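Just so it is clear: chains get the letters A, B, ... in the order the sequence lines come, proteins before strands, and each one is counted from 1. All figures in this text were calculated on a predicted structure; none of them were measured in a lab. Any value given below was found using the heavy atoms of this structure, including those in side chains, with hydrogens, waters and symmetry copies removed.
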Amino acid sequence: MANIKDIIARFSEKPGGLIEAYHALQKKYNYIPAEAIKEAAKIFGVSEAQAYGVATFYSYLSVKPRGKYIIRICESAPCHIAGADEVIKAFESELGIKTGETTPDGKFTFELTECVGQCQGSVVVTINGRPYLDVTPEKVPAILAEYS
Amino acid sequence: MIKEMRIVLRNADKIDPQNISDYIAAGGYKALEKARNMKPEDIISEVKKSNLRGRGGAGFNAGLKWSFVPQSETKYVVCNLDEGEPGTYKDRTIVEKDPHTLLEGMAICGHAIGSNKGFIYCRGEYPYIVEHLNHAIAQAKEEGVLGEFDIEVRMGGGAYVCGEETALIESIEGHRGEPRFKPPFPGVEGLWQKPTVVNNVETLANLPEIITRGAEWYSSIGSSTYPGTKVLTLSGDIVNKICIEVPTDTTIREVIYEFGGGIRGGKKLKAVQIGGTSGAFIPASMIDIPIDFDSMRNAGFTLGTGAVFVMDETRDIVDVVTRIAKFFEHESCGKCNPCREGTFRCYEIMKKINQGRASSDDLEKLQLLGRVMSKACLCGLGQAAPGPILTTLQHFRHEYERKLFLS
Ligand SMILES: Cc1cc2nc3c(=O)[nH]c(=O)nc-3n(C[C@H](O)[C@H](O)[C@H](O)COP(=O)(O)O)c2cc1C
Ligand code: SF4
Ligand code: FES
């Protein structure tokens with residue numbers, strides 16, 4: 001808890017710092033814990049409902065616990081026609097989970113996303129923000145092996 | 001072979017973007033020095049005369065936008081680096097290859113409107129760009145080239161609508177990124193109610209060269225009503241998936257076949273969607289149009305962000321449009337009813353068509369719904385969302401009819 005307070009307090013003087021604080025919290029915990037939202041509401045002088053509303057508006061922020069590594073696959077049109085569906089299936093079967101789920105060991109969360117701005121390399125996957133380009137189903141095991 | 005013309009990307013791959021001395025050695029920050037010796041109103045009129053029009057999609061004259069900014073003690077310059085438009089990666093490329101061109105452009109804008117505080121709103125998908133920019137800003141501060149002008153980078157959270165300027169402002173203020181009613185426009189009442197100029201990365205990155213070489217030089221390049229160059233990003237079934245910068249009188253055909261190297265696998269072109277995911281689908285028979293804003297608009301198309309998404313003859317238009325309809329259903333912020341409900345229904349009907357369960361009645365409903373949305377939605381997201389549906393119903397109706405449930 002002290003930790004949560006410290007993180008949020010770093011941004012308390014910054015106008016509009018709530019989202020920055022959430023980014024920092026998420027970097028540390030992989031999600032934004034409920035008590036952090038309460039704390040943030042107090043520090044930034046908004047209602048808890050407002051603080052929660054902000055946390056749930058942005059797809060990058062999560063109020064639910066997630067894995068250590070967030071795998072996101074782009075399914076926007078350029079990646080879609082390049083074969084994103086096949087790559088999604090490959091990740092699901094390698095990880096043994098469906099999109100939106102986290103592996104039981106808490107290591108990987110697998111999510112769908114829209115364009116991440118690397119469309120020269122469709123199909124694009126990001127893991128904790130790092131892009132992987134021209135991903136095919138065959139490449140999936142090797143990508144995951146980097147995190148083992 | 002036609003060549004690119006590089007203004008915004010003039011230093012790309014020629015200098016080390018991590019090293020400010022490279023940029024300075026290439027003549028960098030000279031334009032800002034020149035601008036500082038000019039009267040603010042003279043900079044504004046020079047930019048106005050250059051006819052530089054916003055590269056973020058709306059095509060509004062940048063100098064004119066600045067001229068509306070009223071007197072106020074505090075004003076802000078906001079750079080829109082949200083770049084959420086699928087198929088678009090130009091702003092990332094510009095910043096990756098030459099971040100100081102952007103910083104210099106922002107400082108020029110700051111001097112012109114009398115602001116000493118700039119924000120760059122960078123999308124959450126680009127954490128490495130945030131670091132890259134912070135590094136460049138730190139170097140610029142150390143060198144003292146920005147003078148009194150301070151620049152801060154803020155990171156978005158993965159919401160497409162935050163690219164809309166008033167939603168972006170809400171987001172910097174720490175709120176949900178929901179668009180505001182306009183007017184008042186941000187130029188008059190923006191960030192923390194202060195006058196705020198919001199410009200796209202590419203717009204701002206054009207400024208140093210415009211100041212250095214003058215309005216006359218700039219306005220003589222490319223098409224007369226939308227002069228200069230446009231940075232385009234090619235994606236889809238094209239040989240060269242690259243980022244290029246070309247004069248605005250370049251045609252779509254030249255973009256695809258000269259710069260893009262044509263269609264992959266020797267296939268034929270079926271359609272090209274320009275301007276991002278809300279852009280029109282342009283049939284292969286209509287690609288001899290220059291890419292400039294007005295030529296595109298007069299033909300019923302959009303230049304938008306300059307994304308060029310190419311589909312070959314084997315692609316299923318209805319399937320792609322269904323995917324796009326899902327995008328808008330997901331990204332609608334929900335503030336206004338026509339969009340919240342409309343994008344949901346568009347996706348629902350598109351799925352029905354794509355799965356072969358629809359009748360011609362559904363096509364009529366879809367068309368009516370699209371027309372209502374383009375008029376009744378609060379912001380550009382909802383207004384533009386039906387674009388792909390309406391233009392494919394116009395140019396590719398047979399693809400829809402082929403999938404209708406016949407009984
Ligand atoms: C839904 C939506 C998303 C937008 N996304 C962006 C974006 O990612 N980048 C951008 O520069 N402009 C975007 N715009 C346009 C901005 O609202 C604004 O017009 C632009 O930043 C102004 O800059 P410019 O005049 O330099 O083009 C978007 C507009 C809408 C309606
Ligand atoms: S048009 Fe859509 S995105 Fe724009 S304000 Fe309305 S609901 Fe939100
Ligand atoms: S469409 Fe997938 S990264 Fe842009």
Check whether [X] gets within reach of chain A through its side chain, its backbone, both or neither, counting any heavy atom under 4.5 Å.
{"X": "B/E173", "answer": "backbone"}
{"X": "B/C243", "answer": "neither"}
{"X": "B/Y160", "answer": "neither"}
{"X": "B/T233", "answer": "neither"}
{"X": "B/I172", "answer": "backbone"}
{"X": "B/F327", "answer": "both"}
{"X": "B/T93", "answer": "neither"}
{"X": "B/E85", "answer": "backbone"}
{"X": "B/R154", "answer": "both"}

For [X] against [Y], the heavy-atom pair lying closest together:
{"X": "A/I81", "Y": "B/V310", "answer": "CD1-O, 4.1 Å"}
{"X": "B/G174", "Y": "A/V54", "answer": "O-CG2, 3.6 Å"}
{"X": "A/F57", "Y": "B/E178", "answer": "CE1-CG, 4.0 Å"}
{"X": "B/G87", "Y": "A/C115", "answer": "N-SG, 3.6 Å"}
{"X": "B/W192", "Y": "A/P15", "answer": "CZ2-CB, 3.2 Å"}

- prompt: For residues B/R176 and A/Q50, is any side-chain donor paired with an opposing acceptor at under 3.5 Å?
  reply: no
message: Quick check on the interface: out of A/I19, A/L18, A/T56, A/V46, who has the most heavy-atom pairs with chain B under 4.5 Å?
response: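 Of the candidates given, the most pairs with chain B belong to A/I19.
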query: Does atom NZ of A/K27 have more than 12 heavy-atom neighbours from other groups under 6.0 Å away?
result: no
task: Inspect the surroundings of CZ in B/F396 and state if more than 12 heavy atoms from other residues, nucleotides or ligands are less than 6.0 Å away.
output: yes
Under 3.5 Å donor-acceptor, A/H23 side chain and B/G124 backbone: no
Side chain, backbone, both or neither: which part of [X] has a non-hydrogen atom closer than 4.5 Å to chain B?
{"X": "A/A82", "answer": "neither"}
{"X": "A/S122", "answer": "both"}
{"X": "A/E75", "answer": "both"}

Do [X] and [Y] have side chains that approach each other closer than 4.5 Å (heavy atoms only, starting at C-beta)?
{"X": "A/C119", "Y": "B/F309", "result": "no"}
{"X": "A/Y58", "Y": "B/S171", "result": "yes"}
{"X": "B/D319", "Y": "A/H80", "result": "yes"}
{"X": "A/Q120", "Y": "B/Y89", "result": "yes"}
{"X": "A/Y60", "Y": "B/E125", "result": "yes"}

- prompt: Salt bridge check: are A/E114 and B/R323 linked by an N-O gap of less than 4.0 Å?
  reply: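 Yes, this pair counts.
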- prompt: So how far is it from A/T126 OG1 to B/Y128 OH, rounded to the nearest 0.5 Å?
  reply: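 If we round to the nearest 0.5 Å, A/T126:OG1 and B/Y128:OH are 8.5 Å apart.
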query: Between CG of A/L133 and NZ of B/K241, what distance do you get to the nearest 0.5 Å?
result: 10.0 Å
Would you mind telling me which of [options] has the largest number of heavy-atom pairs within less than 4.5 Å of chain A?
{"options": "B/G177, B/P127, B/G236", "result": "B/G177"}
{"options": "B/E152, B/M311, B/H330", "result": "B/E152"}
{"options": "B/M155, B/K326, B/R92", "result": "B/R92"}

